[in-house]
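Okay, so here's the structure we're looking at.
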There are 2 protein chains.
Amino acid sequence: MNNFTFCTPTRYLFGRDTEKETGRLTAGEMKSHNVLLVYGGQSAIRSGLLDRVRLSLTDAGVTFCELGGVKPNPTDDRVYEGIALAREKKIDGLVAVGGGSVIDTAKAIAAGTLYDGDFWDFYAGKTPVEKALPVGVVLTIPAAGSEGSGNSVITRIDGLHKISLRTDMVLRPKFAVMNPALTCTLPPYQTASGIADMMAHIMERYFSPTDNVEVTDRLSEGLLKAIIGEAAKVMATPDDYESRANIMWAGTLAHNGICGCGRAEDWTSHFMEHEISAVYNVTHGAGLAVVFPAWLTFMADVAPSKPAQFARRVFGVENRDDKGAALEGVSALKAFFGSIGLPVSFAELGIASPDIDLLVSKLHENKGDLVGGYRKLSPVETKAIYMLML
Amino acid sequence: MNNFTFCTPTRYLFGRDTEKETGRLTAGEMKSHNVLLVYGGQSAIRSGLLDRVRLSLTDAGVTFCELGGVKPNPTDDRVYEGIALAREKKIDGLVAVGGGSVIDTAKAIAAGTLYDGDFWDFYAGKTPVEKALPVGVVLTIPAAGSEGSGNSVITRIDGLHKISLRTDMVLRPKFAVMNPALTCTLPPYQTASGIADMMAHIMERYFSPTDNVEVTDRLSEGLLKAIIGEAAKVMATPDDYESRANIMWAGTLAHNGICGCGRAEDWTSHFMEHEISAVYNVTHGAGLAVVFPAWLTFMADVAPSKPAQFARRVFGVENRDDKGAALEGVSALKAFFGSIGLPVSFAELGIASPDIDLLVSKLHENKGDLVGGYRKLSPVETKAIYMLML
């Protein structure tokens with residue numbers, strides 16, 4: 001086990017009707033009284049959620065301006081717009097109502113508003129984020145885990161660079177209001193994509209070169225088993241509050257860092273997917289359902305021990321040969337993704353003739369000559385993995 | 001799943017040599033510059049740990065006074081002594097070097113110093129803790145989980161009332177330094193008792209009347225499996241850093257609240273054990289190894305569904321009858337405790353003729369007519385459970 005530090009100060013308020021507490025948490029937990037309310041498309045408006053949040057803020061004496069219409073795979077243009085608005089209105093915090101795209105946009109604005117230079121410096125790795133306005137969250141889509149993480153992913157329109165920024169503390173939300181009932185109307189494909197995303201967040205940490213991390217391994221395996229079991233229920237009965245609740249909470253734990261304690265992580269599959277969704281604008285989770293089995297198939301050949309443990313402990317595979325077990329695990333994972341309606345190939349993702357050389361070159365341009373933690377991969381190897389997605 | 005709120009702001013610094021960071025964390029994370037250093041017996045002195053902590057504080061410009069010699073099952077007299085010292089020296093924080101007894105004493109002093117009345121009011125349930133001095137921890141005994149919890153257990157000498165105080169936030173340590181190497185010299189019996197204690201912290205939450213908590217269930221089962229596996233290693237090779245590390249981290253997660261999210265908890269076994277250790281001064285974890293199997297045996301008869309799930313998922317029991325599976329799980333748990341040298345009866349605990357009527361009357365005097373969460377128990381029933389420990 002490696003040395004590590006871990007701190008998750010986000011206040012989670014989880015359960016029915018909790019969005020009514022947004023104002024109280026904004027004024028209390030966040031100590032903000034004039035905020036930028038960031039949100040996405042029509043669903044939060046139509047459902048009345050946005051009005052309930054506005055009322056809660058007003059009732060708590062919090063004034064606000066708004067930045068709506070944030071899109072999936074959020075782009076830098078909305079961040080620049082938000083920073084300008086935040087400065088003009090002299091806000092002292094942000095409240096994000098939505099999923100990962102909205103939260104990540106709010107985080108970028110939170111950091112950029114207090115920075116003299118171009119906010120993209122943070123994402124380009126030129127400078128670390130040293131301060132940011134506080135961010136609170138009303139979560140509507142469980143997937144990205146951004147409500148409990150210090151991370152943010154933004155796409156630069158110029159060049160289609162989709163870049164993940166990771167911080168320890170400064171961008172962690174002060175609070176996250178999580179009402180599973182808000183997720184009962186999510187369409188099946190979006191629900192399934194979220195499930196793949198949270199599973200990938202666990203697996204990127206699970207496939208680690210660090211040995212002797214049994215506690216973190218067992219936690220990760222337990223979370224994966226819970227997600228797989230609850231996924232079947234939620235696909236069969238989309239308005240089942242209980243399975244929605246389990247999946248929503250799993251999405252937070254998948255990405256708040258607890259599955260990474262004491263070990264090096266991997267993140268190759270996320271990086272490979274980011275290139276796919278930056279070029280082809282696919283749903284991130286669906287892209288991950290294509291990438292992860294291909295990555296695992298490659299690893300079953302070159303480093304099968306952890307994939308075999310994954311297969312045995314998560315899917316109950318009994319094959320005692322590591323490579324054989326690992327490949328059975330890949331089949332089980334693909335079958336699971338298929339059962340919830342997710343693609344497991346470029347073709348199923350709707351990309352008939354992917355430009356794999358472009359994906360490989362952008363991947364290594366963004367992430368360096370070698371990519372990965374469980375095993376470092378050269379361009380020849382990442383190309384082989386992209387080929388396995390055909 | 002029930003509504004819940006969850007926030008764990010403690011900064012964990014985990015790994016080799018981390019105690020050298022104590023001063024930096026005290027001045028930085030805790031913002032304290034004149035602290036009371038609380039510690040226990042001779043081992044921290046002999047090992048040189050206390051000197052390293054003193055040096056680290058001094059190097060960071062933190063001045064300190066000291067309260068040493070805190071005993072297991074800590075008593076109110078040392079708390080009063082500490083409060084008087086804290087006020088005289090005008091401290092602005094506490095650093096606890098030790099295990100649960102030392103940390104819990106530091107927490108009681110932290111709350112009592114800022115309170116005009118008798119600190120025992122908090123433990124007697126007369127008034128909630130509204131403010132406390134910040135507490136930092138250098139953990140030497142993984143068991144109580146107090147380094148990551150808002151709880152504290154103190155025994156009142158007058159009447160031998162051992163009372164657990166639970167707070168959400170105010171008593172959570174600001175930081176916890178956790179170097180597994182410090183635990184490599186713990187004697188086998190103390191190591192095993194700590195393992196039973198952390199397992200009980202998980203099981204008290206696991207045996208819940210709340211349904212549909214699959215994520216929290218799977219996390220709990222994963223932690224229990226990890227502890228059971230690592231326990232065998234650490235008993236065979238006491239100075240194995242890796243298994244010590246896994247057990248130390250498990251002890252924190254067992255009690256920081258993550259295993260309780262979304263459900264009512266039980267805590268009967270802890271309450272029953274607190275009466276045993278208050279009267280007979282046994283090691284808390286060893287007492288729990290006696291109490292828990294007896295409690296589970298009773299539940300196998302009256303409410304076997306969750307004990308059966310526990311038996312199947314944690315111990316791999318295959319019996320499809322719930323009561324049969326639950327009883328097989330009890331046998332497996334007893335066999336496990338026996339394998340690491342723990343008692344599973346009053347006799348093995350060294351109590352030849354326990355005064356069960358006294359234990360029952362003190363239990364219900366402290367905890368009310370009915371005790372428990374998974375199932376509420378009357379004095380007739382708690383007596384039956386104590387009898388099962390004979």
Side-chain angles (χ1 to χ4, degrees), chain A residues 1-18 21 25 29 148 168-169 174-176 178-180 211-227 229-230 233 240-254 256 258 261-262 313, chain B residues 1-18 21 25 29 148 168-169 174-176 178-180 211-227 229-230 233 240-254 256 258 261-262 313:
Chain A
M1 196 187 295
N2 296 343
N3 280 19
F4 66 90
T5 183
F6 183 60
C7 182
T8 55
T10 303
R11 158 78 55 188
Y12 302 110
L13 190 66
F14 190 101
R16 294 182 194 275
D17 298 326
T18 45
E21 305 295 324
L25 289 163
E29 203 81 21
D168 177 25
M169 297 294 292
K174 293 287 179 273
F175 69 81
M178 301 171 67
N179 178 357
D211 290 328
N212 296 308
V213 281
E214 185 70 358
V215 166
T216 309
D217 269 0
R218 289 283 188 190
L219 282 182
S220 305
E221 292 154 359
L223 268 179
L224 288 169
K225 286 167 79 121
I227 293 169
E230 298 299 300
K233 292 188 209 169
D240 175 32
Y241 176 88
E242 299 292 350
S243 50
R244 289 284 186 187
N246 275 289
I247 285 172
M248 193 176 213
W249 186 227
T252 300
L253 298 178
N256 79 345
I258 200 166
C261 285
R313 291 187 179 179
Chain B
M1 196 188 294
N2 297 343
N3 281 19
F4 66 90
T5 184
F6 183 59
C7 183
T8 53
T10 303
R11 159 80 52 191
Y12 302 109
L13 189 66
F14 191 101
R16 294 181 194 274
D17 298 326
T18 46
E21 305 295 324
L25 289 163
E29 203 82 20
D168 177 24
M169 296 295 293
K174 293 289 178 271
F175 70 82
M178 301 170 68
N179 177 358
D211 291 327
N212 296 308
V213 281
E214 185 69 358
V215 166
T216 310
D217 270 0
R218 290 281 188 190
L219 282 182
S220 305
E221 292 154 359
L223 268 179
L224 288 168
K225 286 168 79 124
I227 293 167
E230 298 298 301
K233 292 187 210 170
D240 175 32
Y241 177 87
E242 299 292 350
S243 51
R244 289 285 186 188
N246 275 289
I247 285 171
M248 192 175 214
W249 186 228
T252 300
L253 297 179
N256 78 345
I258 201 166
C261 285
R313 292 187 178 179

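Note that the structure is a prediction, hence the values are computed from the model and not measured. Letters A, B, ... mirror the listed sequences (proteins, then strands); counts begin at 1.
Between B/Trp249 and A/Cys261 there is a side-chain heavy-atom pair separated by less than 4.5 Å. At least one side-chain heavy atom of B/Arg11 sits less than 4.5 Å from a side-chain heavy atom of A/Met169.
For B/Ile227, no part lies near chain A; criterion is any non-hydrogen pair under 4.5 Å. Neither the backbone nor the side chain of B/Ser220 comes within contact range of chain A; no heavy atom of the residue lies under 4.5 Å from a heavy atom of that chain. Of the atoms belonging to B/Leu224, not a single heavy atom falls under 4.5 Å from chain A. For A/Thr10, the part lying under 4.5 angstrom from a heavy atom of chain B is the backbone only. No part of B/Met178 comes within reach of chain A, as not one of its non-hydrogen atoms sits under 4.5 angstrom from that chain. Neither the backbone nor the side chain of B/Asn256 comes within contact range of chain A; no heavy atoms are under 4.5 Å apart. For A/Asp168, the part sitting under 4.5 Å from any heavy atom of chain B is the side chain, from C-beta outward, and nothing else. Both the backbone and the side chain of B/Glu214 come within less than 4.5 Å of a heavy atom of chain A. Contact of A/Tyr241 with chain B is made through the side chain alone, with heavy-atom distances under 4.5 Å. The contact between A/Thr18 and chain B is made entirely by side chain atoms (from C-beta outward), counting heavy-atom distances below 4.5 Å.
For B/Ala250 against A/Val215, the heavy-atom pair with the smallest separation is CB-CG2, 3.8 Å. Of all non-hydrogen atoms in B/Cys7 and A/Pro9, the two that sit nearest each other are SG-O, 3.3 Å.
With A/Met1 as the partner, the side chain to side chain contact (heavy atoms under 4.5 Å, CB included) test is satisfied by one option alone out of B/Glu242, B/Met248, B/Arg16: B/Glu242.
The line from CZ of A/Arg313 to NZ of B/Lys225 is 8.0 Å long, rounded to the nearest 0.5 Å. If you take CG on B/Asn212 and CZ on A/Arg244, they are separated by 14.5 Å, rounding to the nearest 0.5 Å.
Comparing B/Pro180, B/Gly222, B/Ala176 by heavy-atom pairs within less than 4.5 Å of chain A, the highest count is held by B/Gly222. Of the residues considered (A/Thr5, A/Asn246, A/Ile247), A/Asn246 shows the highest number of contacts with chain B, using heavy-atom pairs under 4.5 Å. Of the residues considered (B/Leu223, B/Leu13, B/Leu219), B/Leu219 shows the highest number of contacts with chain A, using heavy-atom pairs under 4.5 Å.
In this structure, B/Tyr12 and A/Phe6 have parallel ring planes: the angle between them is below the 30° cut-off, well short of the 60° mark.
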